[in-house]
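To start, the structure under review is shown below, and the notes come after it.
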Amino acid sequence: MAAMSYLPLWLSAAVIAVSIYLAFLTVQYFLSTLRPKDFPPGPPAVLGLGNLHQIPLKKPYLKFQEWSRIYGEIISLKAGTADLIVLQSPEVLHELLSKRAACYSGRPYSYISVEHVFGEHRHKHILNVQNDSYLRRWRTAAAYLVGKNSLQDMMPMQEATSTTLSRNLLKSTLSETLRELKKWALATPLLAVCGQRLEKRDPDFADRFFSIQKVWLELLEPGKAPPVDAFPFLRWVPERFALWKSNARMVREFMLESYFSYLETTLESRNEAKKKAGGSQRRFKSVLSRIMEDEEAEREKQNAKATFSHDELAYVGGGLIDAAVDTTWATLSSFVLYMAACPDAQAKAHDEISRVSPDKPPAGDVIESIPYIRACLLEILRLCPAAPNGIPRVVSREDNYKGFRIPKGATVVTNFWAMQRNPDDYDRPDEFLPDRYLNHPLGLKVGAQETAAKRATYTFGAGRRICPGDQFAQNSVLVAMSKLLWAYNIVPTEKEPLDLDVETAFHPGLILGPEPFKVDFVLRDVAREEAVLRDYDEAQAILGGFGL
Ligand code: HEM
């Protein structure tokens, strides 16, 4: 105060005003880390931190599940000043994401992704597309993965990559086995989306793809990347102290290179097809080539609808492939792990596949006649959802659910993990019991409440942003598993039982896939080797017939 008396009056007044303002901001900051009374319930928040210290950086869905038992189907958390809403029941998922889609279909802003990875293409990447007319256009285009006829057209591609996987496993050493599953997971959407065979790319493309994808997922993972959204000052740390900046650049460069290469491949094959027009060859139309065909037709019309630019198309293709690979890989790998760990279930699956396809590896249409293997897939999707917390949404305007206020700007997380392990719905929910789906189409236990919101799986999300690759992914995994089960016994390499514990056997990142595990693919009998090779040759001939 003594020092102030030497300052001119106006300066003293300014210092006091600034101090009051800063004090006000500080109080406001601290108060906004506490949960308002009318928000959905949740664990008590601490002044200054909210619930930040209680939200685990790894496998948060386990903690959310614990909280669902205490606080119910919808909880709210304060991550510092940010609001987080966790949906934990099919009913709240259906009500908010499907019925109130207008309010819950945007994606939250992520500084690292938007500013450092997407850059000038920020409005084109599906992970950052908001609930607007571009989303509708994007989703209409991706519908080539959804309709019944489109799924049928894709089937030869899924057969071909599954046959290649089965053939490659004949000669794979243990360390190569899991890599083969990854290559399959990339090869399938690559063929479907841009009509390119993985074998026709650089030999190191798959390895580069997976190492960059790992870096990319870590940049999205709380705990691996610094919390630059909660603490903006971290954005200004120079690159030499902020590894995430160079990692984001690496992801961005690979994204540009790969996305535009998918588009170039499609353009080349379309040009080739045009040159050969009138020839007898049937050509496969990938998702991107179908979109281009539609767009050309649209441009020829007067009053044409808006069409995609070259760059937008590259991002449609790239976004689809990126979203497909790790999720499908995780699902197939979990399936393989559970088959090896549960020999009784595998024996039933073997019986079923031998019944429907006694003499040769099954074709794609087998997926219509394997209810037990389908039940195994549903059980894998229930127990090991590849994205247990989905992809976050943002609330676009304030809403109210059963008297609870849901604030504008809150991030919404869907906890499929808790929904799919709820003992009120499922008998012995933590166990692998595929028969539950034979006893009830939704896998529900006797006496479980059946509401319109209940589904066989929630793993693909809900509402306007539901996964567009849902059926395509399920078909891919079913065809691959059918071919693998036809040819092989999947057995643990070592005597000890395989670990299935989510805490130790599964990766803690955003995608829930198994940590490396040891299994052998042992031919069920030697005669099957020749059949697998023949199946592979036939698939190659089919791809050749399609001009691939
Ligand atoms: C088992 C495999 C898969 C799982 C578990 C899975 C799961 C999911 C989930 C949970 C979402 C977020 C949905 C929501 O916000 O409600 C999503 C979005 C998405 N998925 Fe999948 N997915 C799988 C396979 C695929 C495949 C094969 C493709 C494409 C070929 C694909 C393309 C996408 C795209 C483009 C989005 C973003 C959609 C949007 O934001 O509008 N997914 N997926």
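Both ligands and their constituent atoms are indexed starting at 1 by order of listing.
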With heavy atoms and a 4.0 Å threshold, my read on which part of Q474 contacts ligand 1 is neither
Classify the side-chain pair D322/Y259 by whether it contains a donor and acceptor separated by less than 3.5 Å.
yes
So, regarding W138 and ligand 1 (criterion: nitrogen or oxygen to nitrogen or oxygen, under 3.5 Å), is there a contact or not?
no
Supply the atom-to-atom distance L87 CG to L97 CG, rounded to the nearest 0.5 angstrom.
6.0 Å
What protein heavy atom is closest to atom 39 (C) of ligand 1, reported as residue, atom name and distance in Å?
R465 NE, 3.3 Å
Heavy-atom pair of closest approach, residues I391 and R107
O-NH1, 3.0 Å
Taking both backbone and side-chain atoms of T331, is any N or O found less than 3.5 Å from an N or O belonging to ligand 1?
no
F472 and ligand 1 - part of the residue with a heavy-atom distance under 4.0 Å
side chain
Within the 4.0 Å heavy-atom cut-off, what L145 brings close to ligand 1 is side chain
Does E180 pair with K183 as a salt bridge, N-O distance under 4.0 Å?
yes
Provide, to 0.1 Å, the distance between atom 16 (O) of ligand 1 and the closest protein heavy atom, together with that atom's residue and name.
R393 NH2, 2.6 Å
Relative to ligand 1, is R464 under 4.0 angstrom through side chain, backbone, both or neither, heavy atoms considered?
neither
Centre-to-centre under 6.0 Å for H116 and Y111, is that the case here?
yes
Can you tell whether the side chains of K214 and E218 come within less than 4.0 Å, N to carboxylate O?
yes
Any atoms of ligand 1 less than 4.0 Å from a non-hydrogen atom of F416? List them with their elements.
10 (C)
Mark yes when over 12 heavy atoms from residues, nucleotides or ligands other than K454 sit less than 6.0 Å from its NZ; otherwise mark no.
yes
Protein contact to atom 24 (C) of ligand 1 [nearest heavy atom, distance to 0.1 Å]
T327 OG1, 3.4 Å
Evaluation steps, salt bridge (Lys or Arg N to Asp or Glu O under 4.0 Å), between K402 and E91:
CA-CA 12 Å; K402 293 190 177 168; E91 287 70 28; over 6 Å; no
R270 bridged to E296 by N-O distance under 4.0 Å:
yes
Atoms of ligand 1 under 4.0 Å from any heavy atom of R139, numbered from 1 in the order shown, are 38 (C), 39 (C), 41 (O)
Ring-plane angle category for W417 and Y61, please: parallel below 30°, perpendicular beyond 60°, tilted otherwise.
tilted
Return the closest protein heavy atom for atom 4 (C) of ligand 1 as residue, atom name and distance.
F460 CE2, 3.4 Å
Determine, considering heavy atoms only, which of C467, P392, A185 sits nearest to atom 43 (N) of ligand 1.
C467
Separation between CZ of F521 and OG of S166, rounded to the nearest 0.5 Å:
9.0 Å
Taking only heavy atoms of A386, which atoms of ligand 1 are found under 4.0 Å from at least one of them?
5 (C)
Below 3.5 Å, N or O to N or O, backbone or side chain included: is there any such pair between T459 and ligand 1?
no
How are the rings of Y315 and F260 set to each other: parallel, tilted or perpendicular (split at 30° and 60°)?
perpendicular
Output yes when the distance from some N or O of ligand 1 to some N or O of R107 is under 3.5 Å, and no in every other case.
yes
Option nearest atom 27 (C) of ligand 1 (shortest heavy-atom distance, choices S98, G461, A324, A462)
A324
among protein heavy atoms, the one nearest atom 37 (C) of ligand 1 is I126 CG1, 3.9 Å
Top protein contact for atom 34 (C) of ligand 1, by heavy-atom distance
P468 CD, 3.4 Å
Within a reach of under 6.0 Å around CD of Q449, are more than 12 heavy atoms found that belong to other residues, nucleotides or ligands?
no
I need the contact type for A323 against ligand 1. Using non-hydrogen atoms and a strict under-4.0 Å cut-off, is it side chain, backbone, both or neither?
both
For atom 11 (C) of ligand 1, closest protein heavy-atom neighbour
I391 CD1, 3.9 Å
